[in-house]
Amino acid sequence: MLKSPTVLAGALSAALALTLTAQAADPNPRDWDAVLEEAKGQTVYFNAWGGSENINSYIDWAGEALKERFGVEVVHVKLDDTANAVAKVLAEKAAGKGEGGSVDLIWINGENFASMKRQELLMAPDWTTGLPNWAYVDHENKPTILTDFTIPTDGLESPWGGAKMVFFHDTTRTPADSVPHSSAELLEWTLSNPGRFSYPQPPDFVGSSFLKQVLIETIDDRSKLSQQVTEASFKADSAPLFDYLDKLHPTLWRSGKAYPQNYPDMKQKLADGELDIIFAFNPSEASAGIAAGELPDTVRSFTYTDGTLGNTHFVAIPYNAAAKAGALVLANFLISPQAQARKQDPSVWGDPTVLSMDKLSAEDRGAFEALDLGIATLKPDELGPALDEPHPDWMEHIEGEWLRRYGAAN
């Protein structure tokens, strides 16, 4: 039965009122005193990867600081896969749980962010730019702070740290003047040094990052990487990548019949002399390995002349988080000069900052300048250009095709 215009108008008004009420319930970071007051006594369930002891220790430190300064408890929910937290929020939405959710803050980027944004699982946009410490963020010069794997962040996630692909070599076996400075030069190097290079099998994060690097350098039209895959042209678009890999694999460690398990395995093989060139997604990894006695002090870093893959990782607040104010306080603290300087210290984590040194006070800038980044860590101006991550859809297709072609080698 059709409803009268009066009834329809009433229903629409009620729906609008409910929407406005829900929006009004979200704390406003531009009224920071109110946020701090609401956050007192809250417990923030921070869902973050828990596979690294130094990162876990850093999160513990941040939690202690929040409790002491703001009366906010932080519980680190240790994940082995961020997708599990995304699935939890999605299940709560399907069950109609629009508030009191179990995830308050999530460490995220890439395809997981794209999924949460697409399915409207995140708190209302533009809260990030309202955080007091946003004033220090270098969003003008770091484009990956505003786009996450080509997806606009729209203020739905707050930057936490940077990442940049960097290669390592032991100068006693591989002189600095002989290292490659592009994927094409790497292939030439492996032809002359068979068995001395390899990469982890995708979907290992580091292994997949290597595929992205080669894809960016070999694809005929890089602009395609900012969009979803076009099924009709995927085979032709990805052909240069797989032509490259077909030539590379016979020159790899164990002739490409097996692969290192992950970055720690590559690091061990460099230390043992099985590999001569390895790579990581953190410029401080080599220095950290030297400091920990895992690598010889003759290891040094290098990058490619025209750039290597770079991205930013973030924290985000689900739309139904139970402790949104507390999550805002934690997100803001994580981009404070104090927290960012501690995170960039290789003895703590070694994760590159998202802050602009030009925006900091002399005292805060001095804290960064005083850091000993390590003997093998390149300075920021030596890291070279950062190449944007492809749209997340590309890696789903690339990894599937990689497994079809080479996966049996595992």
Side-chain angles (χ1 to χ4, degrees), residues 46 48-65 76 78 107-109 136-138 142 144-145 158-170 200 204-206 209 262-268 270-271 277-303 308-315 333-357 360 364-384 386:
F46 183 19
W49 182 63
S52 171
E53 285 306 314
N54 63 326
I55 295 175
N56 294 345
S57 296
Y58 178 83
I59 293 175
D60 288 344
W61 169 81
E64 292 169 2
H76 180 189
K78 297 177 182 177
W107 183 11
I108 196 170
N109 74 351
Y136 304 122
V137 173
D138 191 12
K142 293 184 171 73
T144 57
I145 287 174
S158 176
W160 189 16
K164 183 78 159 54
M165 181 179 284
V166 176
F167 294 81
F168 310 134
H169 66 112
D170 189 335
D204 174 86
F205 170 74
V206 174
S209 295
N262 45 34
Y263 169 72
D265 190 20
M266 284 199 299
K267 179 170 61 176
Q268 186 63 53
L270 178 64
I277 292 178
I278 66 170
F279 59 95
F281 220 69
N282 185 329
S284 299
E285 284 287 358
S287 291
I290 292 171
E294 299 167 337
L295 291 173
D297 61 8
T298 49
V299 168
R300 294 295 183 270
S301 306
F302 68 96
T303 60
T308 53
L309 197 66
N311 66 38
T312 298
H313 56 90
F314 303 81
V315 295
F333 177 75
L334 293 177
I335 54 173
S336 67
Q338 179 197 8
Q340 287 280 300
R342 182 178 179 86
K343 185 164 62 67
Q344 189 164 308
D345 186 340
S347 67
V348 176
W349 182 344
D351 195 46
T353 185
V354 296
L355 304 186
S356 167
M357 295 300 103
L360 302 183
D364 288 333
R365 189 164 54 250
F368 284 91
E369 293 171 348
L371 292 175
D372 181 1
L373 298 181
I375 192 172
T377 304
L378 296 173
K379 297 177 181 178
D381 60 358
E382 297 174 328
L383 287 172

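Everything quoted here is computed from the prediction, not taken from an experiment.
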[X] versus [Y]: any side-chain heavy-atom pair under 4.5 Å?
| X | Y | answer |
| --- | --- | --- |
| Q344 | L371 | yes |
| Y136 | I335 | no |
| P296 | I290 | no |
| W107 | L334 | no |
| F281 | S209 | yes |
| F46 | I59 | yes |
| H169 | I278 | no |
| P283 | L378 | no |

When you measure from the centre of the six-membered ring of W61, is the NZ or CZ of R342 closer than 6.0 Å and no more than 45° off the axis?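 Judged by the rule (NZ or CZ under 6.0 Å from the ring centre, within 45° of its axis), R342 counts as positioned above W61.
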Using the side-chain contact (heavy atoms from CB on, under 4.5 Å) rule, take N56 and H76 through it: C-alpha gap first, then chi angles, then the decisive distance, then the call. CA-CA 8 Å; N56 294 345; H76 180 189; 3.1 Å; yes
Determine the minimum heavy-atom distance between [X] and [Y], stating which atoms define it.
| X | Y | answer |
| --- | --- | --- |
| S287 | T377 | OG-OG1, 2.7 Å |
| L360 | D364 | CB-CB, 4.0 Å |
| Y58 | A339 | OH-O, 2.6 Å |
| G350 | N282 | O-OD1, 3.0 Å |
| Q340 | W160 | NE2-O, 2.9 Å |
| S52 | W49 | CB-CZ3, 3.6 Å |

Stepwise side-chain contact (heavy atoms from CB on, under 4.5 Å) test for I108 and V315: CA-CA 6 Å; I108 196 170; V315 295; over 6 Å; no
List in chain and number order the residues that pass salt bridge (Lys or Arg N to Asp or Glu O under 4.0 Å) with E294, two or more places apart in sequence or in another chain; answer none if no residue qualifies. K267
Which residues satisfy the side chain to side chain contact (heavy atoms under 4.5 Å, CB included) test with V206, sequence neighbours excluded? P200, D204, Y263, M266, F279
Between E382 (side chain only) and K379 (backbone N and O only), is there a donor and an acceptor less than 3.5 Å apart? yes
Does S301 reach the main-chain N or O of A376 with its side chain, forming a donor-acceptor pair under 3.5 Å? yes
Tell me yes or no: between the side chains of N311 and T144, is some donor less than 3.5 Å from an acceptor?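 Absent: no donor and acceptor within the cut-off.
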Under a plain distance cut-off of 3.5 Å, with no hydrogens placed, do T303 and T308 share a side-chain donor-acceptor pair?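 No, because no side-chain N or O of T308 sits under 3.5 Å from a partner of the opposite role on T303.
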Carefully, step by step, assess V166 and F302 under the rule side-chain contact (heavy atoms from CB on, under 4.5 Å). CA-CA 6 Å; V166 176; F302 68 96; over 6 Å; no
In Å and rounded to the nearest 0.5 Å, what is the NE2 to OG distance from H313 to S158? 11.5 Å
Quick one: CG on D138 to CD1 on I145, what's the gap to the nearest 0.5 Å?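 Interatomic distance, D138 CG to I145 CD1, rounded to 0.5 Å: 6.0 Å.
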Would M357 and T353 count as a side-chain contact (heavy atoms from CB on, under 4.5 Å) if you check the C-alpha gap in whole Å, the side-chain angles of each, and the deciding distance to 0.1 Å? CA-CA 10 Å; M357 295 300 103; T353 185; 4.1 Å; yes
